[in-house]
Amino acid sequence: MTFRLSSDAMRLAIPALSLTLLLAAVFWLQPRAMSYVGLNLLFNLAVPIALATIAQMLVMAVNDLDLSMGTFVSFIACVTATFLRDAPVTGVLILAGAIVTYAALGIVIHLRNLPSIVVTLGMSFVWGGLAVLLLPSPGGQAPDWVRWLMTVRPPLAPMAIVASIVIAAVAHLVIMRSSLGVLIRGIGGNQRSVERAGWSIVRARATAYGLAGFFAVLAGIALVGLTTAADANIALRYTLLSIAGVILGGGEFIGGRVSPIGAVIGALTLTLAGSFLSFLRISPDWQIGAQGAILIIVLALRLMLNRLEKREKRR
Amino acid sequence: ETSAKKIALSNNYAGNSWRQAMLTSWGKVTGEAVKTGVVAAADAFTTAENQATEQAAQIQNMILQGYDAIVLNAASPTALNGAVKEACDAGITVVSFDGIVTEPCAWRIAVDFKEMGRSQVEYLSKKLPDGGNLLEIRGLAGVFVDDEISAGIHEGVKQFPQFKIVGSVHGDWAQDVAQKAVAGILPSLPDIVGVVTQGGDGYGAAQAIAATDRKMPIIVMGNREDELKWWKQQKDAKGYETMSVSIAPGVSTLAFWVAQQILDGKEVKKDLVVPFLRIDQDNLETNLANTQAGGVANVEYTQEDAVKVIESAK
Amino acid sequence: MILLLRPFSKPWIWSWLAAFIVWFLTIMVTLGASTLGLSQAALTFAAFSVIVGIGQMFVITLGPGNIDLSVPATMTLAGTVALKLMNVENGMILPGFLVVILIGLVVGLCNYALIKALRIPPIIATLSISFIVQSAAIWTNRGLRIKPPSMLAEFTTSNTLGAPNVAIVAFLISILAWFLLEKTIYGRWISAIGQSMPAARMAGIPVDGTRFVTYLFCAVLASVAGFLLACFSGGAALNMGSEYLLMSIAVVVIGGTAVAGGDSNVPGIWGASLFMFLVVSMLNTYGLGAGIRLIMTGLIIISVIMLAGGRRPGMR
Amino acid sequence: MNDVLKAVIAVDGAKISFGAVRALDGVTLHVMPGECVGLVGHNGAGKSTIVSVINGGLTPHEGSVASDGERLERYGINVARARGVRCVFQELSLCPNLSIVENARIMHRDLGGFGWRKRAAQIIGKSLDTVFPGHGIDSTRTVGDLSIAERQMVEIAMAFSDAGVPPRLVILDEPTSSLDASLARQMLDHVRRFVGAGGSVIFISHILHEILETSDRIVVMKDGRVVAERPAHDFDHHGVVEAMGTVAKDETGQRSAREQSTAPLVLSHQAAGLSFMARKGEIIGLAGLAGHGQTELLLALHASQAGNWLPERDPLVTFVAGDRRLNGVFELWSILRNFSIASLGDLSRRGLILPGKEATKGADWKRRIEIRTPDMDNRILSLSGGNQQKVLFARALATRAPIVLMDDPMRGVDIGTKQEVYAIIREEAAHGRTFIWYSTEMDEVSLCDRVYVFREGRIAAELAGDAVNETNIIAASFEGVAA
Ligand SMILES: Nc1ncnc2c1ncn2[C@@H]1O[C@H](COP(=O)(O)OP(=O)(O)OP(=O)(O)O)[C@@H](O)[C@H]1O
Ligand SMILES: Nc1ncnc2c1ncn2[C@@H]1O[C@H](COP(=O)(O)OP(=O)(O)OP(=O)(O)O)[C@@H](O)[C@H]1O
Ligand SMILES: [Mg+2]
Ligand SMILES: [Mg+2]
């Protein structure tokens, strides 16, 4: 073979294949899913997860980890369902403030050389507290334009698919193709040499965090658009889901090795895995355990494909 | 005639004894109903984590699977509205209970949680006419039920101003969390005469207080077997008096029958109310005897019960 | 002066300082009347976080990405199964305890088997296992709360010479952990692996064996903590471990262990565990609402790490 | 004084200390246009530190930096780059997760704007073609997938590349440490071309003949000071070594051919090509062009002997890493702990470490191999690159393992130390230890009893006794390629 897969392409091929296999299994179990409406139902809740995964990926690209993703998205959801609807100007200001706070976190973490895990763990309490203050009991309502955006029915493909493609494309352009993306990933790969080339690491890290904040804000808004209302605990699981999504998509914890398209695929895979389970009709006792099993199976699949790929490469 | 209809239970959490009792009741009653051919299927689905987003996905999957009705204990009264609306649009009957949803197209079998909170203070006012200091144990912050019960309790305190809440902690409806929270605040509290609770936390509070040399205040219980057993011991030993109140896990079976009745074409009001299950000093023993060791005091409903509830709402 | 300042270079001092300040602020509300009660309560509840925290610390020391998310589920399963097996009989305590250890070993084995066989990041592997373990806990007795044998209930809830028994147990475990880390070859090995796995391999360290033992150790400690907690609170509940997921990680990192691995410290875990309990007590005592309370907790954590942080490059 | 006016960069009286260590103790260094300055000195002499000063990464605590006769008060990385100062660092400093093109983007700050990928590819491609004709490196490849030699080539090409600001002074800090002879030759030729065209180069290397034949002027550093500075033709090999303060015994070629074919077999391995075997007391060389499978064989030998699950009481092999950042040092640890990690079994009782024994053994080896540090409890990263390498050496030699695997371990080790290590190796071999030694330096390969020559991942030839010489090895390395 003269054609050589770049390591980026490899990083992508595996998650894409596992998603395809899983999708085939779901269609086999539930042929009804193979329709415009069916695909939308399968995937629309993956849209906010995909956005949160991209956000997490940006933080992971600079060798950090964000443990506050879930509470942050919950907080944004609360803001969206209250201020953004009732007082759009204030709402937008709060969202902008949240993004600035994220960027500031990046700065503090860099300047004081703090472990991002601890800082974001602390922030997860702060965002959670703010969300509880904002919505002590669930409620609020999605702004109409958000609701419209998330329920619009484009021709050809359902909203969920279109949105996923758009998110993947935009994130790919920003992170993989632009100079800014190269800089951010460069910090993950070898911060020292980026610094020696004369770049300001603080500024770059702040930008990475700010961008992550931006994508997380979009995740919160999209989530409210789907659920129509918010509560303070609405997205707590996004922390783990987003990390799992990045990993499933071929990203790594350190070294700036990430793949935005993979991350979106990872988020879709995770969502689909849940549906696959409910189509299997397992006894309630073991339904939770089956979630673990399916994760394991998907990852085993990844490993198998990885091996195949390696063998291919060696030839 | 509903023998061809399929009903699904969408449950958001399975991590405590109340939910487990609820699932057991569902399994028992619907299993019978499926066997006798009342309905074709009644499958239970549980999400791994107590998360609205996951449950929304679960409901969307149920739509795909072609269920005729979805019985729902919701993680959030509002955050599932999108998914519930989609189910209604697909022609599916949605009946929510315990954790109800606000989406108008769904039915609600509600418990008056506010009254549940208020009645605790009312009870205390009868036992302790002079009033005194109260400790409030709340549930999980940001959850609808917690907010409702707490609002009821505060309403009660307003109504009986001889009481004053001097401390408030979150026990997350778990004995060990409650125990920890109470143990932490207790040293700094003045004397307290009563503990108002939300269920699932009374025994933990009792343990925490027993570990100090304080006099045992009146702790309102939440129908858990260990709470009742502790109460019984205290009652036998020194005539301890209190009451216990909670929603019966078997309400899931009521929701099942209501869904069945709606599928059968019955006219049913969107908002139904079930009474909460209250245990008092005199019926403690009978209730304790009827409660499974380590479980929750329970009532299961039959089709006739459901019909009665529906009739009385008209 | 230099002697006075020297302790401030130790990473664990900050968590102790924070715990002390919060403790002081809390007892000041009652002008000191609550000193004994609060201290005992703090020691008692910190003990559980210390036990799970130590296990988590060993795992985190193994390097970036190593973390055990199956801790809560393991605690639940161990508590549930052991209490069911003992069935309130004092004579069954020993078998009960053996089962607890066995559960820890099996969970640890599964965790490492997955990490190794599937080559997946531990965070994902242990998460998957935790779902399965949680299911197993539900399946064993569907969340019924069975009381602990009277001797165990008595032991876990009483004091010896004013110190809570559970705290004494935690203290003994801490001594063991400290000894392992500081004095033995094993301690050197995990620290080496945490700094660089390839380098550890080339230095002849049995990397897989060491990591495997570490995951076992963490799971066994979680299991023991679950068992003690179930006995202490009068029965196992299905959600009793959930608090300890974030808690076990928080006490490790606030305690000054390097999140990037290779550097751990035991005293910090105690400081951090006391702090995590006391901060909630303090905010409860001052009567702050849940929202404010959460925000304050978060800000305090960040301030502690800001004061303590920036010690050494490459901490991230 | 005219000097300072013309100098591309003139450092005057620079002093820098790291804690108690005086890395630079008043160094004055002027680099003129169109000259190549060779910088030599023992490990830890301060060479890399003066590089950091010129490159703007470190601000001297005392002293000044001037350029083109203008004293620069606020000198920093960006000022240096704007004046055309480029640097190839001692440790590899590309981002392994990025492609070569993307690394070029990082290195050249003002390459941005639409279509930068195309421009970057052109720039780096052109530079690679000039420095290493026939390199065969595709610039869209990810750096992490390249061999260590290829990475070094890219880095060198990157420093000579021109994206707007042309390079005027290129600093090469041990650039050839991972290159084999032919690639090193190409690079040195380019340096001469570059200097001939008016550029300036600071060239640091421990391989003295490279310095002697490439530089116009040689600066010798010792303990943070410049101790000698003369035109290159005034120096010879011996003179440089003497100036460095090392008592040189010219030992190259002193190998006495030993006949080992009767010694017992201790290790054999079926690799691709000829089969590999090692006998007790042998020094076996792995030669050939860099990156042709030598390291892989060492890793395979190690993996097949070292237990991953159970601790071994008497391990058969021990390993000296060449890529010390990746699989050598433990960065958080002290020098002592880094040294003792492989021999803890002998320094302990029932799994308990005996601190006294550990310290004694550490002090012993510190003396034996001259690790330049005031205290073995200092952190390993406080050592210069070469001294870190010595620690790794001591780590392996201090074990009882009968076979020592060495992955080009002399990278960055100064010539005095090398001679000592060679002596130790010979002595240990005489006592029955087996050494399997991958080296990119011909001098070292010639020290071996027997040599396996690698080509394209296979063992292509085996040379023994007097057949071990440069001509035969080069012939075997290129056999078939030329044909
Ligand atoms: N970051 C640092 N912290 C502490 N000491 C340092 C640091 N960097 C260098 N040193 C010390 O400064 C001295 C000079 O080091 P430098 O790296 O310049 O030596 P070198 O001449 O490049 O040696 P080599 O040939 O081994 O690379 C050494 O003693 C080293 O230990
Ligand atoms: N070179 C080595 N590399 C890795 N582990 C080792 C090495 N040598 C010994 N060990 C391990 O270190 C521990 C101590 O082993 P060692 O043989 O040194 O015991 P000892 O101190 O001789 O004990 P005793 O006094 O009982 O003989 C054991 O767990 C052993 O397996
Ligand atoms: Mg150097
Ligand atoms: Mg020994």
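All values below come from the heavy atoms of this structure, side chains included, with hydrogens, waters and symmetry mates left out. Proteins come first, then strands; the chains are lettered A, B, ... in the order of their sequence lines, and each starts at number 1.
Here M202(C) contributes atom CE and R395(D) contributes atom CZ; the two are 10.5 Å apart, rounded to the nearest 0.5 Å. Separating the CG atom in L332(D) from the OG atom in S196(C) is a distance of 10.5 Å, to the nearest 0.5 Å. The CZ atom of R188(C) sits 4.0 Å away from atom CD1 of I353(D), with the distance rounded to the nearest 0.5 Å. To the nearest 0.5 Å, atoms CZ (F330(D)) and CD1 (I205(C)) are separated by 5.0 Å.
Heavy atoms only, all atoms of each residue included: S348(D) and I185(C) are closest at OG-CD1, 3.3 Å.
Residue-environment remark: NE2 (H431(D)) stays at or below the threshold of 12 foreign heavy atoms within 6.0 Å.
Within residues 175-183 of chain C, the residues having any heavy atom less than 4.5 Å from a heavy atom of chain D are, in residue-number order, F179(C), K183(C). Heavy-atom proximity under 4.5 angstrom to chain D picks out F212(C) from residues 210-224 of chain C.
Looking only at heavy-atom pairs under 4.5 Å with chain C, the residue among V329(D), N308(D), T399(D) that has the most is N308(D).
In this structure F97(C) satisfies the ring-ring contact (aromatic ring centres under 6.0 Å, His included) test together with F227(C), sequence neighbours excluded. In this view, I106(D) and V182(A), L183(A), V194(A), A197(A), W199(A), L98(D) satisfy the side chain to side chain contact (heavy atoms under 4.5 Å, CB included) rule, not counting sequence neighbours.
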